[in-house]
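What follows is one structure encoded as structure tokens, with my remarks underneath.
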Amino acid sequence: MKECVLVTGGAGYIGTHTTVELIEAGYDVVVVDNLSNSELAAVEGVRKITGAEIPFEQADCTDKEAMSRIFDRYKFNSIIHFAASKAVGESVQKPLLYYRNNLDSLLTILELMRDKGVRNIVFSSSCTVYGQPKVLPVTEQTPRQPATSPYGNTKQICEDIIRDTVSAHNEMYGIALRYFNPIGAHPSALIGELPKGVPGNLVPFITQTAAGIRECLSIFGDDYDTPDGSAVRDYIDVVDLARAHVVAVGRMIQGKSRSNYEFFNVGTGQGRSVLELVAAFEKATGVKVPHKIVGRRAGDIEKIWADTSFANQELGWKATRSIEDTLASAWAWEKHLRNIK
């Protein structure tokens, strides 16, 4: 009998790619999403790629009664929890929305896990838990600094909630994956990043500008202490990131966890500036991206990239896709969306 995994926020960007990788690794998957920042078409894209009939439940993870019914309807022992509000800038403007949604959804999931005997959770965390680190690259031992945004603070709080919960209930296990900056799309161009309204991430802005949907790309700040003045991030291909979730789930199912709570950096180990990423996109696709420098954005940190050696060693996982292939996949997805030849 196949292991079944519940994927919350499974119609979203990382959720869809992870669902594909789970199915291709031999798992059954149940997807839950409230479709507040995603489209049901994304689940159809997963079905086309995998050929699998994937149960989909439209529900909000803060709705305990609805989630309880889902726990009772399906037999799963592992959860990957993506469902959360996720834009740094928006969180500065709407902190209460972020605290309510991100904390309540996790609390609901953990309470139901405890009450219904579900053992394993992989949590979608973020490198924002490190704040602006004093030493780079960041390792898992890097002290967490005060968060620079409500979004980052919710990730810190959620990590602490999971740690304390699995400590109190030693039959439960949790792994937090601290993402750096996911970009790109599935090689099939059938799924990719599909933001509603104004994108909160850089690459959809790049591809929409390249496609003529937006007149010009705004780059937030050119006066950071970086080689070209623009902010530096560790950009990881979304398929590489999705594979890390499959490995994390397997680690808990197979009893390989070294403790009830673990956390790993999931990145490439290389920092690139915003201007470098724009140049890499233009090189990979041959398409120019008009851009301008504007003021810094509230909540953004200056520079961060990962030391991934611990995740590479412990998980047996490593990011493998090149930045050129990743950006080309993002452009192929944008062209697919817009019917651009």
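Checking Tyr98 against Glu90 by side-chain atom types alone, a donor-acceptor pair falls below 3.5 Å. Side-chain contact annotation: Asn153 with Tyr99, donor-acceptor N/O pair under 3.5 Å present. A donor and an acceptor atom, one from each side chain of Thr62 and Asn101, are nowhere located under 3.5 Å apart.
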From CA spacing to verdict: side-chain contact (heavy atoms from CB on, under 4.5 Å), Phe220, Val294: CA-CA 5 Å; Phe220 298 105; Val294 299; 3.5 Å; yes
Please lay out, stage by stage, how Cys158 and Leu103 fare under the test side-chain contact (heavy atoms from CB on, under 4.5 Å). CA-CA 7 Å; Cys158 285; Leu103 300 187; 3.7 Å; yes
Chi angles and distances behind the side-chain hydrogen bond (donor to acceptor under 3.5 Å, both in side chains) call for Asp240, Thr320: CA-CA 7 Å; Asp240 281 333; Thr320 59; 3.2 Å; yes
List the steps and the verdict of side-chain contact (heavy atoms from CB on, under 4.5 Å) for Ser167 and Asn260. CA-CA 7 Å; Ser167 176; Asn260 286 67; over 6 Å; no
The test is side-chain contact (heavy atoms from CB on, under 4.5 Å); show your working for Asp300 and Arg233 and say whether it passes. CA-CA 11 Å; Asp300 279 348; Arg233 298 288 184 272; 4.1 Å; yes
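Asp234 places a side-chain N or O within donor-acceptor distance of the main-chain N or O of Gly269, the cut-off being under 3.5 Å. No donor-acceptor distance shorter than 3.5 angstrom exists from the side chain of Glu3 to the backbone of Asn77, with no hydrogens or angles considered. Side chain of Arg214 to main chain of Ile206: no donor-acceptor pair is present (N/O by atom type, distance under 3.5 Å, no hydrogens or angles). The backbone N or O of Ala311 lies less than 3.5 Å from no partner atom in the side chain of Lys318, so there is not a single donor-acceptor pair. Not one N or O on the side chain of Arg119 forms a donor-acceptor pair closer than 3.5 Å with the backbone of Met252. Here the side chain of Ser125 pairs no donor or acceptor atom with the backbone of Arg178 at under 3.5 angstrom. The closest donor-acceptor contact from the side chain of Ser68 to the backbone of Lys64 lies at 3.5 Å or more, if one exists at all. In this structure, the side chain of Gln132 engages the main chain of Lys303 through a donor-acceptor pair within 3.5 Å. Side-chain atoms of Glu21 never come within 3.5 Å of backbone atoms of Val239 as a donor-acceptor pair (strictly under, hydrogens ignored). With Asp222 contributing its side chain and Gly229 its backbone, the two residues share no donor-acceptor pair below 3.5 Å.
One hydrophobic cluster, built from ILVMFWY side chains closer than 4.5 Å, cannot hold both Ile14 and Ile162; they sit in different ones. There is no path of hydrophobic side-chain contacts, each under 4.5 Å, that joins Val88 to Val266. In the hydrophobic clustering of this structure, Val118 groups with Tyr261; members are Ile, Leu, Val, Met, Phe, Trp, Tyr whose side-chain heavy atoms approach within less than 4.5 Å, directly or through other members. Residues Val232 and Leu277 are members of separate hydrophobic clusters, defined by side-chain heavy-atom contacts under 4.5 angstrom among Ile, Leu, Val, Met, Phe, Trp and Tyr. Clustering ILVMFWY residues whenever any of their side-chain heavy atoms sit less than 4.5 angstrom apart, transitively, puts Val249 in a cluster other than the one holding Val30.
In this structure, CG on Leu22 lies 4.5 Å from CD1 on Ile80, to the nearest 0.5 angstrom. The OG atom of Ser230 lies 10.5 Å from the CD atom of Glu302; values are rounded to the nearest 0.5 Å. Separating the CG atom in Leu6 from the NZ atom in Lys75 is a distance of 13.5 Å, to the nearest 0.5 Å. Atoms OG1 and CG, from Thr165 and Asp160 in turn, are 10.5 Å apart once rounded to the nearest 0.5 Å. Atom CG of Leu35 is separated from atom CG of Leu40 by 6.0 Å, given to the nearest 0.5 angstrom. Taking CD of Glu65 as the reference point, atom CD1 of Ile70 lies at 12.5 Å (rounded to 0.5 Å).
Annotation for Gln145 and Gly131: closest pair CB-CA, 4.1 Å, computed over non-hydrogen atoms. Of all the heavy atoms in Phe56 and Ala11, the pair that sits closest is CE1-CB, 4.5 Å. Taking all atoms of both residues into account, the shortest heavy-atom contact from Gln208 to Pro195 is NE2-CG, 4.2 Å. The shortest non-hydrogen separation linking Gly26 to Lys2 is O-CD, 3.3 Å. In terms of heavy atoms, Ala185 sits closest to Gly192 at CB-CA, 3.9 Å. Here the shortest heavy-atom pairing between Gly152 and Thr128 reads CA-OG1, 3.4 Å.
In the displayed structure, Arg296 atom CZ is contacted under 6.0 Å by more than 12 heavy atoms of other residues, nucleotides or ligands. No more than 12 heavy-atom neighbours from other residues, nucleotides or ligands sit within 6.0 angstrom of NZ on Lys48. Other residues, nucleotides and ligands place more than 12 heavy atoms under 6.0 Å from the NZ atom of Lys116.
With a 4.5 Å cut-off on side-chain heavy atoms, Pro204 and Glu334 do not count as touching. Taking the side chain as every heavy atom from C-beta outward, Val198 and Phe205 approach each other to under 4.5 Å. Within the 4.5 Å cutoff, side-chain heavy atoms of Met113 are placed close to those of Phe71. Between Tyr151 and Ser126, the closest side-chain pair of non-hydrogen atoms falls below 4.5 Å. Proximity of Arg297 to Val92: side-chain heavy atoms (C-beta onward) are nowhere separated by under 4.5 Å. Between Leu337 and Leu194, some side-chain heavy-atom pair lies under the 4.5 Å cut-off. Within the 4.5 Å cutoff, no side-chain heavy atoms of Arg73 are placed close to those of Pro55. By the 4.5 Å heavy-atom criterion applied to side chains, Ser85 and Asn102 are counted as neighbours.
A salt bridge links Arg47 to Glu44: at least one charged side-chain nitrogen sits closer than 4.0 Å to a carboxylate oxygen. At a threshold of 4.0 Å, the pair Glu57-Arg69 does not count as salt-bridged, since none of the basic side-chain nitrogens sits closer than that to a carboxylate oxygen.
When each of Thr16, Val46, Val20, Ile49 is paired with Leu190, the side-chain contact (heavy atoms from CB on, under 4.5 Å) condition holds for Ile49 and for no other. Applying ring pair (Phe, Tyr, Trp, His ring centres under 6.0 Å) to Phe310 and the options Trp317, Phe264, Phe263 leaves one that passes, Phe264.
Checked against a 6.0 Å centroid threshold, the rings of His245 and Tyr179 count as neighbours.
In this structure, Phe281 and Trp331 have perpendicular ring planes: the angle between them is above 60°, well past the 30° mark. The aromatic rings of His17 and Tyr13 lie perpendicular to each other, with more than 60° between the two planes, well past the 30° mark.
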